[in-house]
Amino acid sequence: MIVAEKLSKNFNDIQAVADISFTVKEGETMVLLGTSGCGKTTTLKMINRLIEATSGSISINGQDIFQQQPEILRRTIGYVSQNNGLFPHYTVSENIAVVPRLLGWDKVKIREHAEKLLDQLKLPVAEFGDKYPDELSGGQKQRVTVARALISDSPVLLMDEPFGALDPVTRAAVRKEFVNLPELKKKTIILVTHDVQEAFEMGDRICLMDKGRIVQSGDAKDLLFRPANDFVRSFFENQRLYLELTALKFEDIWHLLPVSDSMPDNVLESNQSLWQGMELLSQRNVKEIAIKNLQNGEVRIGTQSSIQTAFNQIKNNI
Amino acid sequence: METSQSLWGFMAQQSDKLWSQTLAHIGLTCISLLIAVIIGLPLGIWIAQKRKAAWFILGFAGILQTIPSIALLGFMIPLLGIGALPAITALFMYALLPIIRNTYTGIIGVDAAITESARAMGMNKWQVLFRVELPLAMPVILAGIRTATVINVGVATLAAYIAAGGLGEFIFGGIALNNTNMILAGAIPAALLAIFFDFLLSRIQKANVKRMRKVSVILPALLLILSSFYIIPHTKNQILGGFTPEFMGREDGYLGLKSKYNLDIPTVVISDAVMYKAAFENKIDVISGYSTDGRLKAYNLITLKDDKHIFPPYFASAVIREDILKKFPELQPTLELLSGQINDSVMTDLNYRVDYLKQSPEKVAHDFLLSKGLYKKPLNGNKGTIRLGSKIFAEQYILIQMFKELIEGNTQLKTVSQTGLGGTKICFDALTNGEIDMYPEYTGTGLLVLLKPSSAVMEGLAGDREKVFEYVKAQFLTQYKLRWLKPIGFNNAYALMMRKTQAQSLNIKTISDLKIHSSNENQQH
């Protein structure tokens, strides 16, 4: 669990982060979302003391981070940055071994962990272990960076625009892979991004920041349907329909969907988003899909018009 | 083809010297480079952390770099004397800037994202430096070391000016003796060394970022080994000779000392600009000076008698075009008023006044003529104009000023002076081409530099003052229609010199005495 209280950072006369507080529960992923210069990266870097806070306090699992030596602290916090930051003079294996070596692991343990992790990330050691970063593609590099941050199995992971340097196609692929990594399920993660889709896809909770402050904090539905002010509202204006359809799950509109009397071939689960339902409808070019409720096994029917009607009703009720 | 063969011949003949000079050259370069790396690398690292200090350190090292190398060596002599220490110090100073600057540039050029991720993973300051910054900056740092090496191989040739050895001994000896083979015997190995080191370092530099860890071990070790090539000449209280590069290569110089006197003392090569002072300061004991040099007096040195006559006489006299003498017959008796008036010690004193007391040559010449009662007021005649030339040193300036006053006081002729005609060759060509009418020359120079007679003729002359003068006079008249007037009296020849106090305490008066003394010493050791 990460607790930050009244955190501020001044660079000379400019206040980059102003008096913000937040709590990230164990196993939760919190996203710091905002435009460039809103203070989200500064906030992130204060947590592993790459930037020293001007005032305020941060504790990780009950321990005050300012009481620890910065280097020792950082070895216990995974960090993934936008510009991968891989060492060009180290092989993939050596890059991954940096933190374990700092922690004094023996070689066998390092190799075992590295092998397992690289396999999961589809970078088999036999093929990639002895390669140097400049021999890898952008997506491969970023996966090595992720492996490097995960290998020591630190409970906390900080990610600064981790997929920001990748092209949209690769980004989506690496992100999907990343979300499904078993190592990540238990981790407490703070992720910085300016990409709203990424925030919605990955964040259990999203803190929208502006001018060094947290403007609103909550899940995607809170931000979309219960905006705290005009800034929040206008922030999502560009892709509102898409975002709303992504934020709403079938379980949210369950009671508005017609009950099934037939059983269509194409089946979705109720924790999937309306967007995924619409996508499936148009991709398969079908009139209706089945949606299965995970809790009770009940099945309901989704059509273009039934989803749309339900969506409009929900919106009006919120 | 003949040149290259004889160059090869020269190098083969001098292979011992060539080898020892090359080793000394490598040693000098590498010692100074090693020190520059030991000091420059941490300094570069330091200013990369403290950027505010960077401009100051880089500026200072930059200023060192802009000091002309000869001048830097000149500064060194009062502080550190002569020999290895000032040479290495000067070379070190030249090597410093590229090493500091490239270390600094290399480190600050490391991608900030990489150093940040190193810190973010929990590396401390030193781990970031040694595991990330230095390995990644290494190609740039090596480029700096490479630049410094090439600079040092070049500048190290100048070490020969201050008795520190190296290939400069051949180069400057060759220049002084107008001996192309000798120049090339020094210059070609020096150039090859520069190319070789440059190539070697370029290979190391390109040896791939990944192998940098090995490079950081191999390079210092290599430098250390190469540095040991330089063996500082040690003397154990023996008498140490310091001779100019020119003297070292001349038959009427060091070669003659060895063959005629069997003199075998340890020697270093040194520039005549610092030689006298070095002798005065006990850095060296025997030097090869010019017998009328003002510094002889300034530094309380005495000349040793050349009892076996290996140094040919260098009697000064006016050389004048025959047609001018015919046109103005009054010139010859006028100019010869000076004949026999100036002996060695008088000329030394006159030179001393100009070189050390900073009196103008005009004043010194004028005062001398006054004291001898030879001065007459100018007659301001307009019968014609005599053009006087001179080489660029005090003695010649003094002499032509005397000629000028004599001509203008005793004849109806006017004079114009063309001082600063460089060396012998320029003066002589100006004279034969009719651009000047006369200049002061020395019999030895006329003989060895201009006439270059066969060795049979040389044997016949046997260094005899009269015979040499008569030979030169006759040859100049027939070959060039130039006439030598009667010698002025002094002999500005090569001479071995020692400190007066040392020579007296060892009771050395002649070169033979020196030989006996050094042989006795050699037996003791």
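Not measured: the values here are computed from a predicted model. Lettering follows sequence order; numbering is per chain, from 1.
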Review point. Ignoring hydrogens and geometry, is there a side-chain-to-backbone donor-acceptor pair from A/Arg75 to B/Gly122 under 3.5 Å?
Key: yes
Revision key, fill the gap. When the 4.5 angstrom heavy-atom criterion is applied to B/Ala112 and chain A, the contacting part is neither
Review point. Contact part of B/Asn124 toward chain A, heavy-atom cut-off under 4.5 Å: side chain, backbone, both or neither?
Key: both
Practice item. Answer yes or no: does atom CZ of A/Phe66 have more than 12 heavy-atom neighbours from other residues, nucleotides or ligands under 6.0 Å? Key: yes
Review point. Taking everything shown except B/Lys52 itself, do over 12 heavy atoms lie less than 6.0 Å from its NZ?
Key: no
**Study point:** Enclosure of B/Met11 CE (heavy-atom neighbours >12, cutoff 6.0 Å)
**Key:** yes
Point to revise | Among A/Leu158, A/Val99, A/Leu102, A/Thr145, residue most engaged with chain B (heavy-atom pairs, under 4.5 Å) | key: A/Leu102
Review point. Can you say whether A/Arg49 sits under 4.5 Å from chain B via the side chain, the backbone, both, or neither, judging by heavy atoms?
Key: neither
Point to revise | Contact origin within A/Asn48 toward chain B - heavy atom pairs under 4.5 Å | key: side chain
Practice item. Check the surroundings of atom CD in B/Gln49: do more than 12 heavy atoms from other residues, nucleotides or ligands lie under 6.0 Å from it? Key: yes
Exercise for review: Take atom CZ of B/Phe199 as the centre, draw a 6.0 Å sphere, and report whether it contains more than 12 heavy atoms from other residues, nucleotides or ligands.
Suggested key: no
Practice item. Report the C-alpha separation of A/Tyr79 and B/Arg119 in whole Å, then their side-chain angles, then the decisive distance to 0.1 Å, and conclude whether the side-chain contact (heavy atoms from CB on, under 4.5 Å) test is met. Key: CA-CA 10 Å; A/Tyr79 182 78; B/Arg119 290 199 301 132; over 6 Å; no
Exercise for review: Sort A/Leu86 into side chain, backbone, both or neither according to what part of it lies under 4.5 angstrom from a heavy atom of chain B.
Suggested key: backbone
**Study point:** Separation between CG of A/Asn83 and CG of B/Asp111, rounded to the nearest 0.5 Å
**Key:** 6.5 Å
**Study point:** Approximate separation, where rounding is to 0.5 Å, of B/Ile114 CD1 and A/Tyr90 OH
**Key:** 12.0 Å
Check your understanding: Taking all non-hydrogen atoms of both residues, which atom of A/Arg74 and which atom of B/Ala120 are closest, and how far apart?
Key -> CB-O, 3.3 Å
Practice item. Identify which of B/Met121, B/Glu116, B/Arg131 forms the greatest number of heavy-atom pairs closer than 4.5 Å to chain A. Key: B/Met121
Point to revise | Closest approach of A/His89 to B/Leu136 (non-hydrogen atoms, all atoms of both residues) | key: ND1-CD2, 3.4 Å
Point to revise | Stepwise side-chain contact (heavy atoms from CB on, under 4.5 Å) test for B/Met123 and A/Glu71 | key: CA-CA 6 Å; B/Met123 287 191 179; A/Glu71 294 88 47; over 6 Å; no
**Study point:** Closest contact, heavy atoms only, B/Ser117 versus A/Arg148
**Key:** OG-NH2, 3.4 Å
